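Okay, so here's the structure we're looking at.
We count ligands from 1, going down the list as the structure has it; atoms in each ligand are counted the same way. Just so you know, these numbers come straight off a predicted model, no measurement behind them.
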Amino acid sequence: MSRRITGFTPSGELHLGNYFGAIKPLVDQQIPDRSIVFVSDLHALTLDHDPAAVRRRTLEFATVLLAAGADPARSIFLVQSHVPEHTELHYLLESATGYGEVRRMIQFKEKSRDSDRVRVSLLTYPVLMAADILLYQAGEVPVGEDQRQHVELARDIAERFNTAYGRVFTVPRMVNPPVAARIMDLSDPTAKMSKSTSVTGSLRLLDSPDTLRRKVMRAVTDPGSAVEYDPENRPGIANLLTILAACTGEDPADAAARSGGYADLKRAVADAVIATTDPIRHRYTELSEDPESVRKIVQDGAIRARLIAGDTVTAAKRAIGLLPA
Ligand code: ADP
Ligand code: TRP
């Protein structure tokens, strides 16, 4: 059985899209020494950033992930920059990646579009992400749909490296949740719910129940009044149904069948979202009273992670010509 890994970049605030797209698929199947969860703090340096905010959010993200069910007894739980092998492997993989491959990444194009000061690290970030995955010989990467292209790049790099230099890496694949691989923004259902954009359209895991209810009740719907699951033509209602179905574990079409009108649906969504996030928020409050214990957990995680990561880097260095064969 292969390893599973997923990471979260400490920028903005974790939301329900992150939860259903990546957190839940990982925490639902934690297997000792096979599951790895990490805060990808190095990735937060790819865009303009405030050092104090990165420091604060790294601890906050670690705390939210623990509150959401990451279990250090069953998963290796770490902060990326505590394990220097991530950047070490990054460089080796850069030497096996084409400029054209990273330049065509959709996220790079989007994030570099409005900036005349694009950091080189924004361009090479998918290679660091590949290093994150390949370092632990992970076969499965639970991420939301927006990360598909990056996991495919990690696959391509692994295959190319293995072919050129000998088999070092497990070739990873993306795993998607059955529903909610892409939750949309409540105020603009054509855009992805995201950490860094719209406050009103994003259901944050630490929002109070009142705030969550208000955001859901104000969600943009579609013309007409029928509650049908039709993402193409009725994106607002389809998104609410996706959220409801993800919370209750049913199919969006079944959720549609048992809903009355729009107001009824919104009430059901608000109740379901609050029921899902309330335990996380409470646990977060408890854990944040003892930040030292969270720091201790990630320190232990880094020690465990380095045992695996060190072996991979040694194998990669040997294969690529930096160590005796
Ligand atoms: P954001 O795009 O909000 O800044 P990240 O890109 O850091 O979030 O995503 C962290 C994880 O959550 C990734 O696996 C990503 O695919 C997943 N994810 C992000 N937004 C959504 C969404 N709206 N629906 C489903 N999964 C999502
Ligand atoms: N790039 C991912 C994001 O922004 C986070 C991430 C970094 C990640 N490294 C990873 C996810 C490795 C899965 C595996 O959402």
Side-chain angles (χ1 to χ4, degrees), residues 3-27 35-47 49 57-58 61 64-65 68 76 78-81 83 86-87 89-90 93 105-108 110-111 121-122 124-155 157-158 170 172-199 201-205 231 235 239 242-243 246 305 309:
R3 294 202 175 96
R4 279 187 152 216
I5 189 166
T6 201
F8 300 87
T9 303
S11 54
E13 282 166 68
L14 287 164
H15 53 77
L16 209 66
N18 300 135
Y19 182 70
F20 285 119
I23 302 176
K24 192 167 188 298
L26 194 119
V27 302
S35 312
I36 299 158
V37 194
F38 70 102
V39 181
S40 41
D41 57 346
L42 295 170
H43 290 269
L45 312 186
T46 56
L47 298 171
H49 74 281
R57 285 212 175 97
T58 297
F61 268 46
V64 178
L65 292 168
I76 301 177
L78 65 128
V79 172
Q80 186 187 28
S81 68
V83 178
H86 284 256
T87 43
L89 186 61
H90 176 209
L93 298 185
M105 293 288 117
I106 295 163
Q107 248 188 28
F108 173 71
E110 283 174 3
K111 292 190 175 171
S121 58
L122 182 66
T124 59
Y125 134 91
V127 187
L128 179 57
M129 178 162 164
D132 300 337
I133 298 167
L134 304 187
L135 198 53
Y136 299 102
Q137 307 290 352
E140 296 181 355
V141 189
V143 282
E145 195 52 42
D146 60 307
Q147 294 294 327
R148 174 181 295 281
Q149 211 185 15
H150 297 155
V151 179
E152 278 168 7
L153 179 71
R155 241 187 119 74
I157 296 174
T170 302
R173 67 182 179 88
M174 166 174 167
V175 292
N176 248 180
V179 280
R182 192 170 160 84
I183 290 186
M184 309 309 280
D185 189 295
L186 294 182
S187 48
D188 175 7
T190 62
K192 174 181 102 81
M193 185 178 287
S194 156
K195 284 202 241 103
S196 36
T197 51
S198 137
V199 181
S202 168
L203 298 170
R204 295 176 167 168
L205 295 178
N239 190 37
T242 300
I243 294 172

Q) Any heavy atom of Gly12 sitting closer than 4.0 Å to ligand 1? A) no
Which residue supplies the protein heavy atom nearest to [atom], what is that atom called, and how far is it?
atom                    : value
atom 18 (N) of ligand 1 : Asn18 ND2, 3.7 Å
atom 3 (C) of ligand 2  : Gln147 NE2, 3.3 Å
atom 5 (C) of ligand 2  : Gly7 O, 3.3 Å

Q) Considering only heavy atoms from C-beta outward, does the side chain of Ile243 approach that of Leu186 to under 4.5 Å? A) yes
Sub-4.0 Å atoms of ligand 1 with respect to non-hydrogen atoms of [X]:
X      : value
Val143 : 14 (O), 16 (O)
Ser194 : 3 (O)
His15  : 3 (O), 20 (N), 21 (C)

Q | Ring centroid separation Phe20 to His15 under 6.0 Å | A |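 That pair fails the under 6.0 Å test.
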Q: Considering the heavy atoms of Val143, write down every atom of ligand 2 situated less than 4.0 Å from one of them.
A: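 Near Val143, meaning under 4.0 Å from one of its heavy atoms, ligand 2 has 11 (C), 13 (C).
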Q | Under 4.0 Å to a heavy atom of Thr9 - the qualifying atoms of ligand 2, by number | A | 4 (O), 5 (C)
Q: Specify whether His86 and Tyr136 have parallel, tilted or perpendicular ring planes, treating 30° as the upper limit for parallel and 60° as the lower limit for perpendicular.
A: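 Geometry flag for Tyr136 against His86: tilted rings.
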Q) Does a salt bridge link Glu152 with Arg155, judged by any charged N lying under 4.0 Å from a carboxylate O? A)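 Not counted as a salt bridge, because no side-chain N and carboxylate O are separated by less than 4.0 Å.
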Q: May I ask you to decide whether Arg3 forms a salt bridge with Glu140, counting only side-chain N to carboxylate O separations under 4.0 Å?
A: no
With nothing but distance in play, are any N or O atoms of [X] less than 3.5 Å from an N or O of ligand 2?
X      : value
His150 : no
Asp132 : yes
Tyr125 : yes

Q. What part of Met193, side chain, backbone, both or neither, has a heavy atom within less than 4.0 angstrom of ligand 1?
A.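 Both parts.
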Q) Under 4.0 Å from ligand 1, counting heavy atoms only, is it the side chain of Ser11, its backbone, both or neither? A)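 Within the 4.0 Å criterion, Ser11 makes no contact with ligand 1.
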(Q) Below 4.0 Å, non-hydrogen atoms only: which portion of Val141 touches ligand 2? Side chain, backbone, both or neither. (A) side chain
Q. Does Asp146 approach ligand 2 within less than 4.0 angstrom via side chain, backbone, both or neither, non-hydrogen atoms only?
A.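 For Asp146, there is no contact with ligand 2 at all, from either part.
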Q: Check Ala130 against Leu93 and note the closest heavy-atom contact, atom names and distance.
A: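 Scanning both residues completely, I find the closest heavy atoms to be C-CD1, 3.9 Å.
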Q) Between Gln80, His43, Met174, which one has a non-hydrogen atom sitting closest to atom 7 (C) of ligand 2? A) His43
